[in-house]
**Q** 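Take this structure, written in structure tokens, and hold onto it; I'll ask about it next.
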Amino acid sequence: MSEALRVGIAGLGTVGASVARVLTEKAAELTRQCGRPILVTAVSARSKGRDRGVDLSGAVWFDDPVEMARTADIDVFIELIGGDEGPARESVRVALENGRHVVTANKALLAKHGLALAGIAEEKGVLLNYEAAVAGGIPVIKTMRESMAGNTVSRIFGILNGTCNYILTRMEAEGISFQDCLADAQRLGYAEADPTFDIEGNDTAHKLSILTSLAFGTEIAADDIYLEGISNITQADIRAASDLGYRIKLLGVALRTESGIEQRVHPTMVPTASVIAQVNGVTNAVAIETDILGELLLSGPGAGGNATASAVVGDIADIAKSRPGFQHGPVFGRPVTELAPYTRAKMRSHEGGYFIRLTVSDRTGVFAAIARRMADNEISLESIVQHANGHNSADQKTVILVTHETTEAAVRKAVDGITSDGHLVDKPQVIRIERAARTRL
Ligand SMILES: NC(=O)C1=CN([C@@H]2O[C@H](COP(=O)(O)OP(=O)(O)OC[C@H]3O[C@@H](n4cnc5c(N)ncnc54)[C@H](O)[C@@H]3O)[C@@H](O)[C@H]2O)C=CC1
Ligand SMILES: N[C@@H](CC=O)C(=O)O
Ligand code: NA
């Protein structure tokens, strides 16, 4: 039997404690699979005394994860603290600089500093594994990095945030309020430490930026993502979507266009009968379209302790199975120096269908004025409905428009025009539609 692989876990919260439990409970099975034991020899967290349902008394305790990364007797540093700066960033950097392999679930860190950290890992000849960082337990990183060589990706999209999908699913199925659903997602360990990262779409954007780099061989460009979260989605939107044969999902989408790569994160209406609409609760899904493989859909648990620990432990086991002298593959599928600069496609050129919900004064001529603004911008309408049961008070009405394929620029101009006409009594709601023809899955 070879020497044990010594690991140090920094962060013992939802994910870290689950990883420690799995490594302990599945020790015998992992030893058989890897040909050597995996031992937790060091740990670091904020609170030493907390009961985490696992005996960690054999591991050396560090108050400071950076100190652990620098001095602990470990082969692998496992970063499960979170955050794109502070101790997470510094401890990962120090671990790599000191020639230790790193496993992390931290997509915020990779989205911001992934290229620099990958550069250190590649220079030092160590692994930086991050399967848990995108779509939790779904093995999407390995699939893209190892099993799809030679494929040219045209589009990748998916449901990448368990918290948002859980909220939208329960709001629709049970009519529960946004805030109550979010509180449950936090209680279940799905949400980020700061849940605004979930509900405002940042977490999906972090994950999408990593997938985009793997898909198109480009540098990570998280700041270039068009971003809208779900915090302004109401029961009225969900009901209107349902009446029209759609379901609202927070999608991350990246595709190659003539002008560059389009990356966007926003609530999206997808046909109720489409496969992506059936992905409910904390489940995530990633759809990849390529020239050789065709269409691939991966779906599974996207957040929570066990689902995430499954991916982290898989990454650790890969390191345990690797042998000295084994040439480690590049972190983002090709060497950092070979990643192409990212060129951003203009969001205003985006083409698609749109759902527009307007709350207007109940006056003669408003309906006609709205229709005229649409026509002026050459937007062809699939439907325009004045909702009898949608009015907020006697002098207000709800008008719902569904467009045929048009451009983002045209819709923004039309909505700006309607706003300046002075008929709106509330902020207009605009939700993009991915129709069956554009969502073949
Ligand atoms: N919860 C989930 O479902 C998933 C989480 N992730 C990622 O995994 C990471 C950890 O997430 P959670 O376990 O949910 O977070 P958490 O908030 O439950 O745990 C964070 C841990 O880090 C420790 N910590 C914070 N600051 C520290 C410091 N200065 N020194 C030492 N320890 C410190 C805390 O004591 C705690 O044990 C984050 O990067 C998150 O984005 C990724 C996929 C899924
Ligand atoms: N907060 C994230 C956790 C996993 O990445 C989510 O809800 O998906
Ligand atoms: Na994953």
Side-chain angles (χ1 to χ4, degrees), residues 8-20 42-50 52 56 61-69 78-92 103-112 129-145 158-168 181-182 185-207 210-211 214 230 250 252 281-286 298-312 314-315:
I9 307 178
L12 293 168
T14 302
V15 182
S18 288
V19 168
V43 289
S44 176
R46 266 196 301 235
S47 147
K48 189 173 178 183
R50 227 182 95 197
R52 297 177 169 95
L56 293 168
W61 177 269
F62 286 82
D63 285 329
D64 179 4
V66 182
E67 186 59 20
M68 184 172 106
I78 302 166
E79 187 277 305
L80 299 169
I81 296 171
D84 59 13
E85 297 294 346
R89 179 187 181 191
E90 185 57 6
S91 60
V92 169
V103 173
T104 181
N106 190 338
K107 51 272 166 159
L109 177 69
L110 293 172
K112 193 162 174 190
N129 285 351
Y130 55 93
E131 184 57 75
V134 182
I138 302 177
V140 62
I141 303 299
K142 282 185 194 167
T143 302
M144 294 188 73
R145 214 167 48 173
I159 295 171
L160 302 175
N161 184 271
T163 300
C164 288
N165 207 43
Y166 175 86
I167 292 172
L168 292 171
C181 294
L182 174 58
Q186 289 180 286
R187 191 177 42 76
L188 290 163
Y190 302 157
E192 296 301 301
D194 176 356
T196 54
F197 279 83
D198 295 293
I199 62 175
E200 298 306 343
N202 310 77
D203 180 72
T204 299
H206 293 150
K207 293 164 176 166
I210 296 168
L211 292 181
L214 289 167
I230 64 162
L250 181 71
V282 72
T283 307
N284 281 193
V286 186
L298 302 169
S299 162
N306 273 347
T308 313
S310 168
V312 173
D315 278 349

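As the structure lists them, so they are numbered: ligands from 1, and atoms in each ligand from 1. Remember, it's a predicted structure, so these values are computed and weren't measured experimentally.
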**Q** Return yes or no for this condition: an N or O of Arg46 is under 3.5 Å from an N or O of ligand 1.
**A** yes

**Q** To the nearest 0.5 Å, what is the distance between CD1 (Ile141) and NZ (Lys207)?
**A** 11.0 Å

**Q** Measure the distances from the heavy atoms of Gly136 to every atom of ligand 1 and state whether one is below 4.0 angstrom.
**A**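 Contact check Gly136 vs ligand 1: negative.
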
**Q** Between Asn106 (side chain only) and Asp84 (backbone N and O only), is there a donor and an acceptor less than 3.5 Å apart?
**A** no

**Q** In ligand 1, which numbered atoms sit nearer than 4.0 Å to a non-hydrogen atom of Asn106?
**A**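 Ligand 1 atoms under the 4.0 Å threshold to Asn106: 39 (O).
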
**Q** Do Lys107 and Glu192 meet the salt-bridge criterion of a basic N to acidic O distance under 4.0 Å?
**A**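 Result for this pair is yes, salt bridge flagged.
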
**Q** Have a look at ligand 2 and work out which part of Asn161, if any, has a heavy atom under 4.0 Å from it: side chain, backbone, both or neither.
**A** both

**Q** For Ala303, counting its heavy atoms only, list the atoms of ligand 1 lying under 4.0 Å from any of them.
**A** 3 (O)

**Q** Enumerate the atoms of ligand 1 whose separation from the nearest heavy atom of Gly304 is less than 4.0 angstrom.
**A**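 That gives atoms 2 (C), 3 (O) of ligand 1.
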
**Q** Hey, is Thr308 touching ligand 1 through its side chain, its backbone, both or neither, going by heavy atoms under 4.0 Å?
**A**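 Side chain only; the backbone of Thr308 stays clear of ligand 1.
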
**Q** Can you tell me if Arg50 has a non-hydrogen atom under 4.0 Å from ligand 1?
**A** no

**Q** What's the verdict on side chain to side chain contact (heavy atoms under 4.5 Å, CB included) for Ser18 and Thr308, showing C-alpha distance, side-chain angles and the deciding distance?
**A** CA-CA 8 Å; Ser18 288; Thr308 313; over 6 Å; no

**Q** Counting from 1, what ligand 1 atoms have a heavy atom of Glu192 closer than 4.0 Å?
**A** 40 (C), 41 (O)

**Q** Measure from the Na ion (ligand 3) to each N, O or S atom of Val134 and report whether any distance is below 3.0 Å.
**A** yes

**Q** So among Thr204, Val282, Leu182, Leu188, which one has a side-chain contact (heavy atoms from CB on, under 4.5 Å) with Thr163?
**A**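 The residue from Thr204, Val282, Leu182, Leu188 that satisfies side-chain contact (heavy atoms from CB on, under 4.5 Å) with Thr163 turns out to be Leu182.
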
**Q** Is a donor on one side and an acceptor on the other found under 3.5 Å between the side chain of Glu131 and the backbone of Val140?
**A**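 Judged by distance alone, yes, a pair lies under 3.5 Å.
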
**Q** I need the O(Glu131)-the Na ion (ligand 3)-O(Ile138) angle, rounded to 10 degrees.
**A** 150°

**Q** Could you list the atoms of ligand 1 found under 4.0 angstrom from a heavy atom of Pro65?
**A**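 It comes down to these atoms of ligand 1: 30 (N), 31 (C).
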
**Q** In this structure, which one of Val312, Leu80, Val15 forms a side-chain contact (heavy atoms from CB on, under 4.5 Å) with Ile9?
**A** Leu80

**Q** Mark the output for Gly189 as yes if a heavy-atom distance to ligand 1 is under 4.0 Å, and as no if none is.
**A** yes

**Q** State whether the side chain of Gln186 and the backbone N or O of Gly189 hold a donor-acceptor pair below 3.5 Å, judged by distance alone.
**A** no

**Q** So which bit of Ala133 gets within less than 4.0 Å of ligand 1, heavy atoms only: side chain, backbone, both or neither?
**A** neither

**Q** If you scan the protein for heavy atoms around atom 17 (O) of ligand 1, do you find one that is closer than 4.0 Å?
**A** no

**Q** Look only at interatomic distance and state if Ala191 has a nitrogen or oxygen under 3.5 Å from any nitrogen or oxygen of ligand 2.
**A** no

**Q** The Na ion (ligand 3) to Gly136: any N/O/S contact under 3.0 Å?
**A**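 Gly136 does place an N, O or S atom closer than 3.0 Å to the Na ion (ligand 3).
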
**Q** Whether the side chain of Asp198 engages the backbone of Cys164 through a donor-acceptor N/O pair (distance < 3.5 Å, no angle test) should be reported.
**A**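 No; zero donor-acceptor contacts below 3.5 Å.
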
**Q** Does Asn284 use its side chain to pair, donor to acceptor, with the backbone of Gly300 at less than 3.5 Å?
**A**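 Such a contact is absent between Asn284 side chain and Gly300 backbone.
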
**Q** Does only the side chain of Asn284 get under 4.0 Å from ligand 2, or the backbone, or both, or neither? Count heavy atoms.
**A** neither

**Q** Decide whether an N or O pair under 3.5 Å exists between Thr163 and ligand 2.
**A** yes

